Each structure stands twice: as C-alpha cells, then as structure tokens.
Amino acid sequence: MRFLALTVIKEIKRRFNDPLGLIMWLMIPLFLGGMLTSVLGGASGPTPKAVLLLTDLDDTFISQAIPQALSGGQLADMIEIQEVSRDVGNTRINDDDGSAHLVIPKGFSEAYLNKQPIALELTTNPAQQISPKIIQDVLASLLDLGHYIQLVLGDEIKLIVDGDASADLSITEVAAMISGKIEKLGPYAFPPVIEVVDETPVPEGQSFNLTLLMFPGVLVMAVVFAGQGISGIYWQDREKGILQRWRAGPNGMWVYWTGLFISSMFILGLITFPILLGGFYLIDIPYTKLAPSLLWIMLTGPLLFGTLVLVQVMAPSRRAGGVISTLLVFPLLMVGGSFFPKETLPDVIRAMSDYTPNGQILEPLKQYFLGTYGLSGLFSTLLPLMAVTIALIAVASVIADRKDLR
Amino acid sequence: MINVSELQKSYGDLQAVKGVSFRAKAGTIFGLLGPNGAGKSTTINCISGLIKPTAGNIKVNGFDIISEATKAKQSLGVVPQELAIYEDLSALDNLRYWGAAYGLGGKALERRVNHVLENIGLMDRARDLPKNYSGGMKRRLNFGCGLVHEPKVLLLDEPTVGVDVQSRGRLFDLIKEERDKGTCVLYTTHYMEEAENLCDELAIIDHGKIIAAGTLQDLRAQVGENDIIQLSGVFNAKKLKAAIAKLKPTPEILSLSDESLALAMKEAARHLPAVLKAVSATGAEIRESRLTEPNLESLFLKLTGTELRA
Ligand SMILES: Nc1ncnc2c1ncn2[C@@H]1O[C@H](COP(=O)(O)OP(=O)(O)OP(=O)(O)O)[C@@H](O)[C@H]1O
Ligand SMILES: [Mg+2]
C-alpha cells in the first residue's frame, strides 16, 4: 500500500515536472470554451461608447443604410454617429476627438448592387484602444452581412432601387427595412461575428441555457484531453525501459496500472477545478454543487483514460497509438456533446452520444447543473462507470503483459 | 546465488541462447564475456524474468524465476543495457522511488540514496531532471537505480557503455563494494579489459553457447603460453598453409582466409621475422601484423577463430 501511494505521488510529480502538458490539457478546453461562450453571449461588462465620424460621399439610400444599421437596435448604445465632412473628420481623428472616421466613397451603391468589390475607408484613432475596435468589428460583421444579403437578396434590392415600387418608399424606410433584415438574418447567417460585439445582456432564457449546456462539454473536453495524454504514458514508459524495470521488480504490474488510474483522478481534479470555478462564477451555478461535480469528474473521468489506454496498448507502435487515440478524440468530443450540446445534435448522432464514455460523464453532470438531477441522480451511474473503467484498465494490462513477455 | 541450467531461448527460427549453464556464487563478480549478438542480454533478461526461456531452469537466490517470481525478484537488482529511468523525475526521486519499490524507506533509504549518488557522481545534479542529462550521466543513473536497494543478486548488462573513464572507475568501485558485502554480481561486457580487471569468474559466450568458463587463471591456462600472431593483407590461403607447415617450430593455425591469418605459437616475438619471411615468400602482400600475449582475447580467438571485437 505504501508503495502504491508512492507510485501515485510519483506520477503526479511527473506531470508537474512537465507542466506544458498539464497546461495544454487545461488551456485547450478553456480556449475553445471561451470562444464558444463568447459566441453564445456569456460574459458581459460595461462597454465604452464609440464615436464614429462619418463622411458619406456616395449619399445614396444604400450608403445611408450603413449608419442606419450601425445605430439600430442594441448597437445604438455602443456607437454614436456624427456626420462630418472629410477634412473635419481627418482633423478630429488627429486631435483624438472620436474613435474612428469612416468614409463611404462615391459609387459605393453601384458597386454594391453590381456585386463588385467595395472599399470603405476606415481610419481608427490609435489613441483609443477599445472603441475603434468595436467599430471595426461591427463594420466587418456588417459588411459580411451586407455581402451575404447582397448575394441572397441583391436582386430584390435592385428591383426596389430600379423599379417603381421604390418611388413610394422613403430612404429611411428602405434603410430600416434592410436593417431589419440584417437583424433577422443575423443570428442565422453569422452569429459568431455579430454576437461577439453584442455585449448587452441577452434576454434571459435560451442563451443562458445554451451557455449552461455548453459548460459541462468544455469541462469534459478537458477530461478527454487529459485522458488521452495520460494514456500515452504507457508507450513512454515502455520505450524508456520503465516497464522493463517494473517487470524485473517484485511489485506486480497491477501496482503500476493502479498508480496510473488513481493519479489520473487527481490530475483530472486538478485540471478541471479551475474550469469548474470559472464556470460556476460565470453561469451562477450554486457553489454547493462544486464539490459533488469535482468528485464526479475525478471518479468517472479515468473512464477516458481507460478507453484510450486500451487503444494505446493494442496499437503496434507509439506513433500508431498516438495517432489512433488522437483521431478517436475528436469524434468522441463531437458525438459525446463536448463541442455542441447534445440537444443541438442531429437525432442519429444524439442516439450515439449515450454510448460514448465522455457522453456518459457529461450528461448526468449537465442535468445536475440544470437542476434536473439531484445528488443521487448525478451519482446513479457512478459504480457501473467505475467498474467499466477498472475493467478496461485490467484488459489493457493483460494485453500489455502479452505483448512484453515474449 | 544464480543458477542457470540448460537455458535455451529462441526467437522464431533464431536460437539466441543454445543451452547455457553456469553458477554464480555470492560475493563474486561473474563475467559474461562475448561479442555483439552472442546472447548475453538474452541470458540476463531470462534471469531477470523479462523474457520467458524456451527451455531450461533459472534460480535466483534459491527461487525459481518463473514459479517463484516475486520472491526471486525481491533479491534482484537489474541494470539493463537500455536505459530504464524516469526521465521526468529527478535523479533523487528516481533513486528514492526504486529503493522504495524494494521496501526500503526512512533513514536507511536516504543514506543509501546519498551513497549511490556520491558514487555515480550525480550529487550536484541530483535535483535535475535526467532528460537534461548527458548520455553518460543517464547511464550512471540507470546504474544507480539498479543497486540502490542493495540487492543480493545484481545483474549488470554492459553498464559502462558510453561512460567516461573516471566515472567508470567509480562505478567499478561501487560494484566491488557490493561484491565485498556478499552480493552476487553478474556482469556482461564485450570489453576484455573490463572482464580481466573486474571479474572473479568468467564465462565466454559466443553464438548462444558458453565456449569457456572458469576463473581468470583457469582461462589463462587454457590459452597456454601461446602468443597470437595476426596478419592481414592479400593471401593465397593454400600456398600459405603449406609454407606455414614447413616452419620450425610449427605455429598452430587458428584461422586462415585470403585476407587474414591468425597463428598461435610460443615466444612469437622471437619467431615473428621467420614467419613474416615465409608468408612473404608465398607472394602474399602483408598490410598489417599484430602480436598479442596470452589473454582473454587470444583465448577467444583460439576458441572461435574470430576476433572478439569484430
Ligand atoms: N526480441 C528479439 N527478437 C528477435 N531476435 C532477438 C531479440 N532479441 C535478441 N534477438 C537476437 O538474439 C541474439 C542475441 O541477442 P542479445 O541481445 O542477447 O546479444 P548480446 O550478447 O546482448 O549482444 P550485445 O553485445 O550487442 O548487447 C541476436 O542474434 C539478436 O538478434
Ligand atoms: Mg546485449
């Protein structure tokens, strides 16, 4: 027992002596999670108001749609538009008065309608850091949308412009119409871009739940990456002669495998703890659920290690083991609901989700976060999952023995 | 302490070890000397239980390595030919861990770890990770990990390959120290000098068979007083054979081909000019000549007709 404990400590020490690996297991999910969360409108904070100086040299209803769109809806809180002449705009930016200066060149509408490249001149104020960035982003997304609308609705717009029907429409009406279309199309067409900018609180409900649905996926993603990393230690130890020394020693190989198993629990706890803390804080999950969640991950997380180490042990070489297990990780993450919540997956994939090890860890946790499951619900599958983990590792150890003892 | 009888090991069609038997006693260093591919590692790996013998018996400290593996392995210390250390754990942690693997702990472990660190010359790098060590330093740590627990039986598979001369001397000191404490040391090498300087008893192994065994004196006696003359160049083997047969005293031909010739004879230095003259007379072109006094190498040459360092 003493030696098993030492083995566990030694394994944890090894991971710490190679902190880069640990950091990767932690950072990749955090990075992906952060990206997905911001897309879904997770965090919010005070936004400085940007002043956009606008010079419209084209002065058609399409060019006027740009300021209309920029100041419509929630963007009005973030961007203030002031029409200026070109010279005044330049001077003001140089005097640090305003966030950016946008010049819509003559012939913009024509180019737009004829699906030719459009060049807008945007001069940002280098003295300000955040506000010009907002304008850049909004503009970029707007132009993306504009491009999209041009492709989809370009002919209709042309009809409005050329045909008689337009005679009755005021410029403002058309602008409002386009702006309205943009708003409608926005979430479907380019949600990432438009939503990144949109820092204002989204109405409670769907978006909140989406973030909550995403969070356990990110958490389990860390478990999967760490599991894959730890499973690679088998080959590392084999190639470095460690397994040989073990086999020549008086301690059974079960100590080796149990050491890896138990140490993986602690490593998983260590990696997921900061993610848990951050997530609980951001999504407002009651902290009373923190300890059970951590425990759940520590106890069931090694299932990924078990699955992937079996793959590694069966692989003919270290390279093959690495490649196969990596290739396996991404479909697992996809099907198991780590990239996109299971709820958003097509039926066929959703059905498979329950048969993935990460799905098995993820689902109860998600239900626990959502409040559908209590403690007993969360832990109801604990024993079977742990039993499967131990069985997988045992099979791996037998295969490894066969391989090594020629 | 180590009792190997009729050990055989085949890899498919290849018979790596063909019936090796020997006995290594406590308090001695038993050398297994042989060229590359002779079957040294295969033999030692069978003794440490890493590979299963095809046939034969191995006892370590009285326990069968297969049927009483745990007990047998408890008395073993192994320094494999390939490195076997945790490169992501400091030397200190490696030694502590492998010591603990055999039940050592507390002050005794610390004392022993320090002693080993001293002797493998890694005291000042003890807290560094071996992945940042030089090749020789890793080998030294590999060596230390094998004997940190003061095993009763120590298996050393070419432990000094790639280790510089000074460090090598200290490793030898440590081995002798273990021997003097009563440890049975099995030492494989293809370095003649190592075998001659270090080993109390020796077995010469070639092509999976022991071709000579005994103490250094026993083996030297087998060589007799014959020195060895080795010549290389362009020869006519047939003519050469006839010419050599006519020489008085007649040297013993150990090996002969169109490129090389090895002869054994007493007081070779005195007869060398006559030999060279006779060889030249056959129209041979001599490129190199070498004269060796009786030693293990000449014994190996005598027994196998080939050089150990081939
Ligand atoms: N795993 C293996 N599979 C097939 N053949 C092997 C294997 N290991 C060793 N052999 C063969 O067995 C023979 C003996 O090898 P072994 O490693 O015991 O030699 P050695 O005396 O230790 O040589 P060296 O001085 O190079 O270490 C060689 O012909 C080698 O090719
Ligand atoms: Mg060898």
Side-chain angles (χ1 to χ4, degrees), chain A residues 1-25 229-230 232-260 262-264 267 318 397-398 400-406, chain B residues 9-12 42 44-54 60 63 65-66 69-90 93-94 96-106 109 127-132 138 142 145-146 149 151 155 157:
Chain A
M1 274 323 265
R2 173 174 162 271
F3 184 60
L4 177 57
L6 286 173
T7 303
V8 171
I9 294 168
K10 168 220 57 172
E11 279 302 323
I12 295 172
K13 222 170 183 176
R14 286 176 78 190
R15 297 297 91 74
F16 272 96
N17 284 340
D18 180 23
L20 204 69
L22 276 184
I23 291 170
M24 289 303 275
W25 299 340
I230 299 173
I233 288 166
Y234 162 75
W235 276 107
Q236 194 184 323
D237 284 355
R238 191 170 193 267
E239 291 194 344
K240 294 278 176 205
I242 295 294
L243 289 183
Q244 295 250 341
R245 209 183 262 295
W246 268 90
R247 289 184 195 287
N251 299 287
M253 289 309 289
W254 70 270
V255 182
Y256 171 85
W257 291 103
T258 312
L260 273 184
I262 297 178
S263 68
S264 75
I267 299 291
R318 178 181 191 162
S397 97
V398 170
D401 281 355
R402 291 247 174 100
K403 209 163 162 168
D404 281 359
L405 276 176
R406 285 149 306 168
Chain B
K9 177 64 189 179
S10 304
Y11 295 108
T42 306
I44 227 168
N45 288 343
C46 285
I47 299 173
S48 59
L50 287 179
I51 51 183
K52 276 211 176 80
T54 312
V60 174
F63 300 109
I65 193 66
I66 305 283
T70 310
K71 280 181 184 160
K73 285 174 181 174
Q74 187 64 48
S75 14
L76 271 181
V78 182
V79 178
Q81 185 170 8
E82 309 293 334
L83 293 176
I85 50 176
Y86 284 112
E87 297 208 358
D88 43 13
L89 278 184
S90 69
D93 285 338
N94 262 288
R96 281 181 183 156
Y97 182 69
W98 293 117
Y102 292 82
L104 246 64
L109 177 61
R127 287 175 196 280
D128 292 353
L129 300 186
K131 62 180 167 197
N132 304 324
K138 286 183 194 174
N142 190 45
C145 288
H149 59 288
L155 307 179
D157 196 355

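Keep in mind that what you see is a predicted model, and the values were worked out from it rather than measured. Here is how names work: the chains are called A, B, and so on, in the same order as the sequence lines, proteins then strands, and each is numbered from 1.
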Rounded to the nearest 0.5 Å, what separates atom [atom1] in [X] from atom [atom2] in [Y]?
{"X": "B:Y86", "Y": "A:E11", "atom1": "OH", "atom2": "CD", "value": "5.5 Å"}
{"X": "B:I51", "Y": "A:Q244", "atom1": "CD1", "atom2": "CD", "value": "9.0 Å"}
{"X": "B:D93", "Y": "A:R14", "atom1": "CG", "atom2": "CZ", "value": "11.5 Å"}

Is a side-chain N or O of B:K73 found less than 3.5 angstrom from the main chain of A:N251, in a donor-acceptor match?
no
Strictly distance-based, threshold 3.5 Å: is any side-chain N or O of A:N17 a donor or acceptor partner for the main-chain N or O of B:D88?
yes
Kindly indicate, with the supporting measurements, whether the criterion ring pair (Phe, Tyr, Trp, His ring centres under 6.0 Å) is fulfilled by A:F3 and B:Y102.
CA-CA 9 Å; A:F3 184 60; B:Y102 292 82; 8.6 Å; no
Does any donor atom in the side chain of B:N142 or A:R245 lie under 3.5 Å from an acceptor atom in the other side chain?
yes
Does a sphere of radius 6.0 Å around NZ in A:K240 hold more than 12 heavy atoms from other residues, nucleotides or ligands, not counting ones at 6.0 Å or beyond?
no
For [X] and [Y], work out which heavy atoms get closest and say how close.
{"X": "A:R2", "Y": "B:G105", "result": "NH2-CA, 3.4 Å"}
{"X": "A:A248", "Y": "B:V78", "result": "CB-CG2, 3.8 Å"}
{"X": "B:A84", "Y": "A:G241", "result": "CB-O, 3.2 Å"}

In terms of the angle between their ring planes, are B:W98 and A:W246 parallel, tilted or perpendicular, with boundaries placed at 30° and 60°?
perpendicular
Contacting moiety of [X], where chain A heavy atoms sit under 4.5 Å:
{"X": "B:L129", "answer": "side chain"}
{"X": "B:K71", "answer": "neither"}
{"X": "B:E82", "answer": "neither"}

Interchain contact, A:E239 with chain B, by part (heavy-atom threshold 4.5 Å)
neither
Heavy-atom pairs under 4.5 Å with chain A, option from B:A100, B:A69, B:A72, B:A101 with the top count
B:A101
Between A:K13 and B:L89, does a side-chain contact (heavy atoms from CB on, under 4.5 Å) hold up when you go through it step by step?
CA-CA 7 Å; A:K13 222 170 183 176; B:L89 278 184; 4.0 Å; yes
